[in-house]
Number of protein chains: 2
Amino acid sequence: MVTQSHQDGFCCADHSGSANVAAILDSAESRARAQGARLTPVRRRTLEILLQSHGALGAYEILDRLNAEGFGSQPPVAYRALNFLVEHGLAHRIRRLNAFTACAHPGHDHRAAFLICETCNSVTEADAVAVSAALGQAAQVAGFQITRATIEAVGQCRACQVTSA
Amino acid sequence: MVTQSHQDGFCCADHSGSANVAAILDSAESRARAQGARLTPVRRRTLEILLQSHGALGAYEILDRLNAEGFGSQPPVAYRALNFLVEHGLAHRIRRLNAFTACAHPGHDHRAAFLICETCNSVTEADAVAVSAALGQAAQVAGFQITRATIEAVGQCRACQVTSA
DNA sequence: TTATCTAATGTTATACCATAACAGTAAAGG
DNA sequence: CCTTTACTGTTATGGTATAACATTAGATAA
Ligand SMILES: [Zn+2]
Ligand SMILES: [Zn+2]
Ligand SMILES: [Zn+2]
Ligand SMILES: [Zn+2]
């Protein structure tokens with residue numbers, strides 16, 4: 001399981017309130033429709049679960065919650081919803097944690113890096129435009145053409161540094 | 001399984017020859033001893049397998065080869081050897097592939113990014129000093145202190161771009 | 001509307017990745 | 001030597017992910 005204690009104001013300043021969650025869901029739905037995609041009940045609920053959770057959740061953890069609410073009980077139910085969200089820029093996959101997190105800036109074309117606190121397990125989405133540019137440079141030296149990248153850092157979030165200082 | 005066809009001169013310029021492999025193994029052994037670590041037969045052979053392979057190998061793939069040569073047959077045999085190599089800077093874990101690759105610059109303290117070709121499955125280790133610096137900057141904005149990072153890009157290697165052009 | 005087509009959901013089954021726990025063995029140090 | 005520690009091997013289990021197929025719901029068009 002991917003657990004974490006919540007360091008308030010750290011990991012989720014922009015999607016913590018329930019009003020915000022509803023607004024994000026609605027605008028996600030509009031954007032999805034605009035691209036000819038459907039934010040169906042399982043998908044919408046999956047996104048909502050991610051938005052309400054502080055940090056990243058594993059697929060099976062999400063599956064449990066979905067199933068408890070009457071959705072299917074088997075892994076593909078969760079994986080399909082999660083893959084949909086990732087493909088539509090509504091969530092990100094955190095490879096180091098084998099987990100998923102809601103996108104902090106849905107609808108914006110962006111490069112993200114993820115900052116994973118090994119003390120409180122929070123996951124912060126940081127802007128990675130500069131990182132991405134540097135990576136593109138490094139790839140170019142090797143003649144490599146990048147399609148997409150995974151940038152994840154492990155360490156300590158601000159709150160946890162203070163605590164252990 | 002993690003397969004890949006070999007694009008000569010691309011992924012493994014510096015550890016392709018068998019003479020080089022032997023030399024790398026020996027110097028790895030010296031360095032290990034110097035730190036009070038032992039490059040035992042399984043570990044040495046595991047590193048050799050990684051060095052000879054072009055690209056990344058999964059733990060079970062390595063396990064098969066080790067077992068075929070008289071080493072143990074169970075997963076921990078491979079995982080322990082691989083973890084040793086990673087901890088001693090002789091190999092890297094490629095998270096996107098759930099696989100491992102020999103370090104291209106063992107013994108040098110370095111930041112690496114991995115360029116994964118989705119056509120030929122080759123994995124190239126690129127210098128990521130600048131990328132790392134940019135990531136450190138991005139983290140600093142969030143007050144995050146990085147311990148270690150995973151930087152992996154997926155796309156097309158030089159050889160495969162030419163092929164498909 | 002109703003027939004048809006397509007996308008989405010749900011299931012079973014299976015494959016793949018990784019580690020805990022413990023027993024036996026080999027190496028290092030007194 | 002004998003003790004201690006590190007390493008190897010095993011069994012057993014847990015966690016992650018997808019293939020394949022049946023069913024249902026939505027969209028499309030006659
Ligand atoms: Zn995002
Ligand atoms: Zn923290
Ligand atoms: Zn390296
Ligand atoms: Zn290639």
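So that the names make sense, note that chain A is the first sequence line, chain B the second, and so on, each numbered from 1.
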Original post:
Would you say the side-chain atoms of A:N83 pair up with the backbone N or O of A:Y79, donor to acceptor, closer than 3.5 Å?
Top reply: yes

Subject >> Gap between atoms CG and P, on B:L63 and C:dC16 respectively (whole Å) >> reply: 13 Å

Original post:
So what does B:R33 touch, heavy atoms closer than 4.0 Å: a base, only the sugar-phosphate, or nothing?
Top reply: sugar-phosphate

Original post:
Between the side chains of B:T150 and B:R95, is a donor N or O closer than 3.5 angstrom to an acceptor N or O?
Top reply: no

Original post:
Have A:E125 and A:H105 got a donor and an acceptor in their side chains that come within less than 3.5 Å?
Top reply: no

Between N or O atoms, less than 3.5 Å apart, protein on one side and nucleotides 18-24 of chain C on the other: list the pairs.
from   : atom 1 : to    : atom 2 : distance (Å)
C:dA18 : OP1    : B:R93 : NH2    : 2.8
C:dA18 : OP2    : B:Y79 : OH     : 3.0
C:dA18 : O5'    : B:Y79 : OH     : 3.3
C:dA18 : N7     : B:Y60 : OH     : 2.6
C:dA18 : N6     : B:Y60 : OH     : 3.4

**OP:** Mark yes or no for whether A:E48, through its side chain, and A:A22, through its backbone, hold a donor-acceptor pair below 3.5 Å.
**Re:** no

**OP:** For the helix from C:dT1-D:dA30 to C:dG30-D:dC1, figure out the bend between the end axes, five pairs an end, and round to 10 degrees.
**Re:** 30°

Subject >> Atom pair distance, as rounded to whole Å: CZ in A:R43 and P in C:dG10 >> reply: 11 Å

**OP:** Rounded to the nearest 0.5 Å, what's the gap from CD on B:E87 to CG on B:L82? Could you check?
**Re:** 11.0 Å

Subject >> Member of A:L47, A:I49, A:V42 meeting the side chain to side chain contact (heavy atoms under 4.5 Å, CB included) criterion with A:R45 >> reply: A:I49

Original post:
Does a donor on one side chain and an acceptor on the other come within less than 3.5 Å for A:S27 and A:R31?
Top reply: yes

**OP:** Answer yes or no: does a side-chain N or O of A:R38 lie under 4.0 Å from OP1 or OP2 of D:dA25?
**Re:** no

Original post:
Has A:R43 got its NZ or CZ under 6.0 Å from the middle of the six-membered ring of A:F84, at an angle within 45 degrees of the ring axis?
Top reply: yes

**OP:** Respond yes when some side-chain nitrogen or oxygen of B:S73 is under 4.0 Å from OP1 or OP2 of D:dG9, and no when none is.
**Re:** no

Original post:
Can you check the B:I62 CD1 to C:dC16 P distance for me, whole Å?
Top reply: 16 Å

Subject >> Separation of C:dT9 P from A:L85 CG (nearest whole Å) >> reply: 11 Å

